[in-house]
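Since we're looking at a predicted model, the values are computed, not measured.
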Amino acid sequence: MEFPQHQKPADGKITYPPGVKEITDKITNDEVVKRLKMVVKTFMDMDQDSEDEKQQYLALALHLASDFFLRNPNKDVRLLVACCLADIFRIYAPEAPYTSHDKLKDIFLFITRQLKGLEDTKSPQFNRYFYLLENLAWVKSYNICFELEDCNEIFIQLFKTLFSVINNSHNQKVQMHMLDLMSSIIMEGDGVTQELLDTILINLIPAHKNLNKQAYDLAKVLLKRTVQTIETCIANFFNQVLVLGKSSVSDLSEHVFDLIQELFAIDPLLLVSVMPQLEFKLKSNDGEERLAVVRLLAKLFGAKDSELATQNRPLWQCFLGRFNDIHVPVRLECVKFASHCLMNHPDLAKDLTEFLKVRSHDPEEAIRHDVIVTIINAGKKDLNLVNDQLLGFVRERTLDKRWRVRKEAMMGLAQLFKKYCLHHEAGKESAQKISWIKDKLLHIYYQNSIDDKLLVEKIFAQFMVPHNLETEEKMKCLYYLYACLDLNAVKALNEMWKCQNMLRGHVRELLDLHKQPTSEANSTAMFGKLMTIAKNLPDPGKAQDFVKKFNQVLGEDEKLRAQLEQLISPTCSCKQAEVCVREISRKLTFPKQPTNPFLEMVKFLLERIAPVHIDSEAISALVKLLNKSIEGTADDEDEGVTPDVAIRSGLELLKVLSFTHPTSFHSAETYESLLQCLKMEDDKVAEAAIQIFRNTGQKIETELPQIRSTLIPVLHQKAKRGTPHQAKQAVHCIHAIFHNKEVQLAQIFEPLSRSLNADVPEQLITPLVSLGHISMLAPDQFASPMKSIVANFIVKDLLMNDRSIGNKNGKLWSSDEEVSPEVLAKVQAVKLLVRWLLGMKNNQSKSANSTLRLLSAMLVSEGDLTEQKKISKSDMSRLRLAAGSAIMKLAQEPCYHDIITPEQYQLCGLVINDECYQVRQMFALKLHLALVKLMLPLEYLAVFALCAKDPVKERRAHARQCLLKNISVRREYIKQNPMPHEKLLSLLPEYVVPYMIHLLAHDPDFTKPQDLEQLRDIKECLWFMLEVLMTKNENNSHAFLRKMVENIKQTKDAQAPDDPKTNEKLYIVCDVALFVIVNKSTACHLDSPKDPVLPTKFFTPPDKDFKNDKDYLSSEARTVLLTGKPKPTGVLGAVNKPLTVPGRRPYTKSTPSETASNISTNSEPSSPATNKGRDTGTESSEMSARENEENPVIVNAEVGMKAMNSEAGQGSGDQRGKKRGATTTPANGSENSTATDEKVAPAPLPNKPRRGRPPKSLAGAASGVSGSEKEGGSGAGRGRKRAAPAQDAAGGPTVEPITIKIPKQQKDTDSKRAAPQRQMDLQR
C-alpha cells in the first residue's frame, strides 16, 4: 500500500493558527513553547470532519515533522510536538500526511521516546504525556507502522518504553491505555516476532518481576488479553528451545522453565501446545534436565487452583514415573512436591500413596527423611489430607536404620499426637484415627539405641504428657494415657521410669562418693560410676569425657553439688527441679561459646534425672482422679475408658510410681484412698494397692497409727483368703512395714498350718503361697513347724497322692482356668518347697537333697509322680515346668548349687526340649532372666545349646537372642569389673563350652556314637552356641576354645569315669566341637597363652599317664559334617511333617529367599524379635489356623515322611543358622528398615519328641507300649514321643520377648555358610 500524496499549498507558505506567529529556529525556546501550546490547542480542537482546516494546516503538519522539531533539545518542545503529531494522526486518519517511510519511522520513534515522560506522575507535564498516550491508544496510531519494513524496531522500542515506565503511581487508566496500545499491535498484526515476544516475557522472569511488579502485572494482563493470538508464537518459541535445542533464538532460553511456570499461572491456555513438549523433556537422558522439568511440573501440578493433573493425565502419569528416577535429586524433588500436592489437591493423594510407599524405602536417607516431612506437614495442616497408608509409612520409618530418619518420624508422630489427641483440634474422630501413635512411640523404648530411648523420654515429657502443664491437668493426661496404652507400651513406660530412677541412683551414689575422703578405692569406684552414667547418654564415647569434666566441676563447686543433690532428692518437687536444672545450666554456660557440646551433654543428664512429672502434689492429684473414678464422678467415658479400666490402670500406675517415687506417697489422704481400693471386689486392684503399701509404707507405723490399725486386719485377711498374688504381697507388706512382723506373721502362719486339707485343693492354694513366703522371709522363726508341714503334708499327703482324675482330652497344655485345683495346689507345693529352702539357705538337715530327688523324680516320671496315669497330659506339663523351674531356682543359691548332681542338672536342662511348646517357652524365659541377672551359674547357659533341636523356628531364634544377650552382658560385666582369674571361671562366656560338651555327651538322644544323623544333631547344637561365642576373636578366644576342647579329651567323664561308652561319647562330642572350631576359624591354631580350667564336678583331673590322641570321627562322618548332606529322616522324629487343621490348608515352609533380610533385629516388644519381617500372608494363615486347633489333625507318619523327603529333595535348608532365621524379607525396602510392626501370637504346631528325661525306649520295648504311643513315635524311629502341637495359647501366660541386636559381623558370617541346613518349620 502506498501512502496518499497530500498536496502542499501552492504558495508553499505555512499557515499557523490565529494568534500564532511563525515558529523558526530564530526564536527562543520559551517562545517556541508558547507558540506550540497554541498549535496544540488548535489541533486538539480539530476533528476528522474539518476538511478545510485539514487542508489549511497540512503544511504546518508537515513542518512539525521536520528535524528542527524532532531533534529539538528542549524536552517541552518535544512533548508539545509529539502531542501535535498524535493529533495530526487522529485528524488525518486513516491517511497520514507523511509520505516517506523513513519519516514515518522517525516520527513514531520520536513519539515513543516522548512516552518515557509518563514515568514521573508528579511532573507538571504529566497530563500532556497522558494525553499523548490516550490519543495514541484511542486512534491506534501505531497500526500505520504495519506497512513499514522495519516496523518491528518501532514496536520493540514502544513495548520496552511502556514496560520500563509503568510504576505503582500510575492509575488504572494509564495501564488500560498501555494495554490497548500494545494489544492492538499484537492482535492486528501478522504475528509477533521473537524479539517482540522477548520484550513481554522478560518481565515474567523472577529477577525482573521483583524489580518492577507493575511491569509484571502489565505483561500478565496483556498476555491474558491476547492469548488466542500470542499462543502460537509462545509455542513456537518453546518448541525451538525445548525440542530443537536452539537456545540461540532468544536471550530468554535459559529461563524457559521459569517462563512456563509464570505463563501457566497467568493462563494455562498459553501453554496448550507446550505441555506435550514437557513430557518429552521428562524422558531426557540428562539428569539435570529432568530435574529442571520435574521442579517446574511440581510447581504446576502443586499450585493451589491447578487442574493440570486432571486435564493432562498422560503428563501427570509421566511425572509420577519420576518418583522412581535413577537420579537422586529428581526423586528428592518429587517427594518434596508431594507435600504441596497433598495440601492443595487431596484428591491426588491416592495417586501419590503408592509412589511415596516405594520412596519411604528408598536407599537414600535424605529421600526417606523427606517422605516423612512431606506426610507430617500435610497431616499437621489437616489430618484428613493423609490416609492411614501414608501414616503407616511414617510408622515404619520409626524403625529406620538411620537415626536422622527415625528421629524425624518419631517427632512428626509426636506432633500429630499432641495436636489431635491431646488438644483435640479436629474432634474425637481424628483422635481415634491416630490413637495408635502413643503406643507406637513408647514401643520404640525397646530399641537398643540410647538415642531412641532419650528421644522417647523427651517426646513423653513434651508431647504426650507436657511437663509445663498445671499439676492437675498434667496428671489427668497421664492418668488417662496410662489407661489407654496397650500392654507393651505400659511396660515400656514403666521401664522408662525405672531407667530414669536407676540413673538418679547412680548420680546419688556419685555425690556420696564426693563426700568421702579421697583414696584410690574411692577414685576407682567413682570412675566406674562415671562410666555407668556415660552409658546412659548419647554417644557414650564422647559422653565419657564430658561426664569426667562434669565430675571435676562438681568436685570444685560445692554450690553446684548442692543444686544437684536437691535435684535428685526424693522430696524435690517438679517446680524445684526446673529451678535446679536452670541454675546448673546457667553455671555451666560460657557466653563466648556459640555451641557448647559439654553443656548439651549435661542437659541430657539433667533432663533424665529431673522429676518433671511426679512429686507429692502429682501423686495427690492422681489419687483424687482415682477416687473420682471409684465414686463414678470422673469423665472416664469422655476420655474413652470405662470406670473399671480407669480404676485398675490407675492403681497399676500408682504401683509403678511407688517403686520409683515412694516418698511422694506418704500422706494420710493417699493411704485412705488405697485402703478403699483394698476393699474393692477387683482382685487386681486390691493386689496393686497392697503392693503400693509394701513399697511406700515404711513410716506408717510411726507416723500414721490410724492407717496402721485399719491396714493390719485387711492384710491378714488377704494373706489367708485372698488370691495367691494378694497373699504373697500381703505377707511381704507385713514383713516390710511393721516392726513386730514376727507376731503378725505368726498370727497368719498358725491358723493356716492347722487348716491344711489336701481333700479340698481349691482352698489350699492361697495358704500354700502364704506359708511359702512366710517361711522364706522368717526361716528361723518357722523352721521347725515348716519341716513338719513339708514332710507330713506337702510331700506325703499332697504331692505323692492323686485324688482326682484329670481330663483325658490329649491336649499338652490348657489355660489356667482349665487346670485342676489339685494340680495348681501341687505347683504351689513345689514352690513352697523352694521358698522354704531359699529361706534356710543351708543344707544341714539334708532337706535340699530330698527335695532335689523329689523334683528329679517328677521330671523322670514326666510329671506323673505316682505313675497311676490319673493325671492329664496338660497337668503333667504344668508339673514338669514347676519341677524344672524349681531346680533352676535352687541352683541360684550357692549352697544348693553345690549339691545339685550332674544328673539333676541334665534333667533340669532337658526341660528346654520338652514336648510341650509352652513348657519350653516359659522355661527358656525363666532361664534367660536368671542368667541375664547373673544369678545362675554359667553351666546353665549351656542349656540353650539344646534349643538347636527345637522344631519351632521362633523358639530357636529366641534362644539364640538369649545367648547373644547373656554373652554380651557377661563380657560387659567383666570389662566394667576387673577381677582375678579364678572368678572369671564363673563369668567368662567361653567357659560354657565344657558344660555344653558334657551336657550333649549325656543327651538322651545321643545313643549311637557313630550314627551320622546323631552326629549332625550334635554338631548343630555345638554350632548353635559356638557361632555366637566365635563372632569375634577377642583376646585369641578361638585358640582358647580349641585348647579347652583338647584338654577335655585328656580327662574322663566325672559322672562315669570308668564307663568306656560314656567316655567315648564325651570324646566324640569333643572331636565334633574341634571339627566345628577348626572349620569356622583360621585363628584357632594359634597358641593360647591361658590354660583353661575345667570344672571338676564334670571332668576328672588330667592323668599324666593318660594320653588321648585318638581321632573318634570317621572320614565318612567328617564328610557328612562338612558337606551337610540332607538327612533322609527327621532327627527329632516327625519334625518336618506339615500339620493341618480341619477346614484349613496345611502350612508351607518358608523359603530361603523369604528369610534373607538385612533388617536390624531391634524388635518390637509385642512379638518374638526374630518374627518381625514376616510377610502378612504367612502371619494371617498361621493366625487363622489357630482359631480351631482344639485337636489339630496330625498328618499320619507315612504322609509326613513323604512330605519331609520331598522337601529335603528340594534342598531347602534350615534357616536358623542365619542372622534372622525366622524372618522374611518385607515387600519393599527392607534394607532401610530396622524392624516392622507385625505381631504374632505364639501357637506352635510342629511335632517333636519330648525330651527332659532318660529314654524309656528299652523298657517300653520289653513291656510293650500303647498303640497311641507307638503311633506317636513312628516318626522318631526311637520309640520316643513326638512333640505334640501347641494347644490354644490364649489361656497360657504371655511371655515378654527379649530384644537383642545381632551383630553385623555375625550376619556376614552366617551368610557365608554354604552347607544346606535342615528345613525350618512353621509354627503358630
* Going from CD1 on Ile871 to OG1 on Thr866, what distance comes out if it is rounded to the nearest 0.5 angstrom? -> 7.5 Å
* To do: For Glu817 and Ser815, test the side chains for any donor-to-acceptor distance below 3.5 angstrom and give the result as yes or no.
  => yes
* Asked: Is it the case that more than 12 heavy atoms not belonging to Lys529 sit under 6.0 Å from its NZ atom?
  -> yes
* Please say whether more than 12 non-hydrogen atoms of neighbouring residues, nucleotides or ligands are located less than 6.0 Å from NZ in Lys870. => yes
* Flag the pair Leu771 / Ile748 as yes when at least one side-chain heavy-atom distance between them is below 4.5 Å, and no otherwise. => no
* Please round to the nearest 0.5 Å and tell me the distance separating atom CD1 of Ile614 and atom SG of Cys574. => 7.0 Å
* **Over 12 non-hydrogen atoms of neighbours within 6.0 angstrom of NE2 in His725** => no
* To do: Check the angle between the aromatic planes of Phe693 and Tyr671 and answer parallel, tilted or perpendicular using the 30° and 60° thresholds.
  => parallel
* Asked: Side chain of Ser709, backbone of Gln706: donor and acceptor closer than 3.5 Å?
  -> yes
* Is there a side-chain contact (heavy atoms from CB on, under 4.5 Å) between Trp836 and Ile789 once you walk through the steps? -> CA-CA 11 Å; Trp836 170 56; Ile789 291 171; over 6 Å; no
* Structure fact -> Smallest heavy-atom separation, Ile765 atom then Pro821 atom, equals CD1-O, 4.3 Å
* Structure fact -> So CD1 of Ile619 and CG of Leu657: to nearest 0.5 Å the spacing works out to 5.0 Å
* Pair Asp875 + Arg880: basic N to acidic O under 4.0 Å -> no
* To do: Please answer whether the main-chain N or O of Trp497 pairs with a side-chain N or O of Asn501 as donor and acceptor at a distance below 3.5 Å.
  => no
* Asked: What distance separates Glu742 CD from His735 NE2, expressed to the nearest 0.5 Å?
  -> 7.5 Å
* Do the side chains of Ile900 and Ile887 get nearer than 4.5 Å, heavy atoms only? -> yes
* Structure fact -> In short, Gln516 meets Asn522 closest at the heavy-atom pair O-ND2, 3.5 Å
* Indicate yes or no: at least one non-hydrogen side-chain atom of Leu678 is less than 4.5 angstrom from one of Leu674. => no
* To do: Keeping the roles fixed (side chain from Asn842, backbone from Met840), state whether a donor-acceptor pair exists under 3.5 Å.
  => yes
* To do: Report yes if the side chains of Val819 and Ser874 come closer than 4.5 Å at any heavy-atom pair, otherwise no.
  => no
* **CA sep, side-chain torsions, deciding dist, call: Phe738, Ile734, side-chain contact (heavy atoms from CB on, under 4.5 Å)** => CA-CA 6 Å; Phe738 296 125; Ile734 291 169; 4.1 Å; yes
* Kindly assign one of parallel, tilted or perpendicular to the pair His732 and His773, based on the angle between their ring planes and the thresholds 30° and 60°. => perpendicular
* Leu832 and Met786, any side-chain heavy atoms less than 4.5 Å apart -> yes
* Inspect the surroundings of NZ in Lys787 and state if more than 12 heavy atoms from other residues, nucleotides or ligands are less than 6.0 Å away. => no
* Asked: Does a salt bridge link Asp683 with Arg648, judged by any charged N lying under 4.0 Å from a carboxylate O?
  -> no
* For Gln726 and Thr723, indicate whether the former's side chain and the latter's backbone hold a donor-acceptor pair under 3.5 Å. => yes
* Does Thr766 reach the main-chain N or O of Gly722 with its side chain, forming a donor-acceptor pair under 3.5 Å? -> yes
* **Glu750 side chain reached by Arg754 side chain, heavy atoms, under 4.5 Å** => yes
* Can any side-chain N or O of Ser770 pair as donor or acceptor with the backbone N or O of Ala719 at less than 3.5 Å? -> yes
* Side-chain H-bond candidate by donor/acceptor type, Ser667 with Thr670, under 3.5 Å -> yes
* Asked: Is the closest basic N to carboxylate O distance between Lys515 and Glu565 below 4.0 Å?
  -> yes
* To do: For residues Leu907 and Ser856, report the shortest heavy-atom separation together with the two atoms involved.
  => CD1-CB, 3.8 Å
* Hey, could you give me the CD/CD distance between Gln691 and Gln729, rounded to the nearest 0.5 Å? => 4.0 Å
* Asked: Does the side chain of Cys677 come within less than 4.5 Å of Leu626's, by heavy atoms?
  -> yes
* **Audit row: Gln698, His666, side chain to side chain donor-acceptor pair (under 3.5 Å) steps and yes/no** => CA-CA 9 Å; Gln698 280 70 21; His666 195 68; over 6 Å; no
* **Atom NZ of Lys628: over 12 foreign heavy atoms under 6.0 Å** => no
* **Residues Lys655 and Glu652 bridged, charged N to O under 4.0 Å** => yes
* Is the side chain of Asn536 donor-acceptor paired with the backbone N or O of Thr532 at a distance under 3.5 Å, no angle test? -> yes
* Over all heavy atoms of both residues, which pair between Tyr896 and Lys841 is shortest? Give the atoms and the distance, please. => OH-N, 3.3 Å
* Asked: For Lys720, does the NZ atom have more than 12 heavy-atom neighbours from other residues, nucleotides or ligands under 6.0 Å away?
  -> yes
* Determine yes or no for a side-chain-to-main-chain donor-acceptor pair under 3.5 angstrom, with Asn740 supplying the side chain and Val743 the backbone. => no
* Side-chain donor-acceptor pair under 3.5 Å between Asn695 and Ser658, yes or no? -> yes
* Just by modelled atom types, is the Gly772 backbone N or O under 3.5 Å from a matching donor or acceptor in the Ser775 side chain? -> yes
* Please tell me if the side chains of Leu704 and Lys699 come closer than 4.5 Å, counting only heavy atoms from C-beta onward. => no
* From CA spacing to verdict: side chain to side chain donor-acceptor pair (under 3.5 Å), Glu822, Ser804 -> CA-CA 8 Å; Glu822 183 180 4; Ser804 58; 2.6 Å; yes
* Structure fact -> In short, Gln576 meets Thr571 closest at the heavy-atom pair OE1-O, 3.9 Å
* CG-CD distance between Leu881 and Gln921, expressed to the nearest 0.5 angstrom -> 10.5 Å
* For side-chain contact (heavy atoms from CB on, under 4.5 Å), just list the numbers for Val623 and Phe665, CA-CA rounded to whole Å, side-chain angles, deciding distance to a tenth of an Å, and then say yes or no. => CA-CA 10 Å; Val623 170; Phe665 282 78; 5.7 Å; no
* To do: Indicate the atoms forming the closest heavy-atom contact of Leu799 with Ala829, along with that distance.
  => CD2-CB, 4.0 Å
* Do any N or O atoms from the side chain of Lys826 and from the backbone of Asn801 form a donor-acceptor pair under 3.5 angstrom? -> yes
* Determine, stepwise, if the pair Ile794 / Leu768 fulfils side-chain contact (heavy atoms from CB on, under 4.5 Å). => CA-CA 9 Å; Ile794 299 295; Leu768 290 175; 3.5 Å; yes
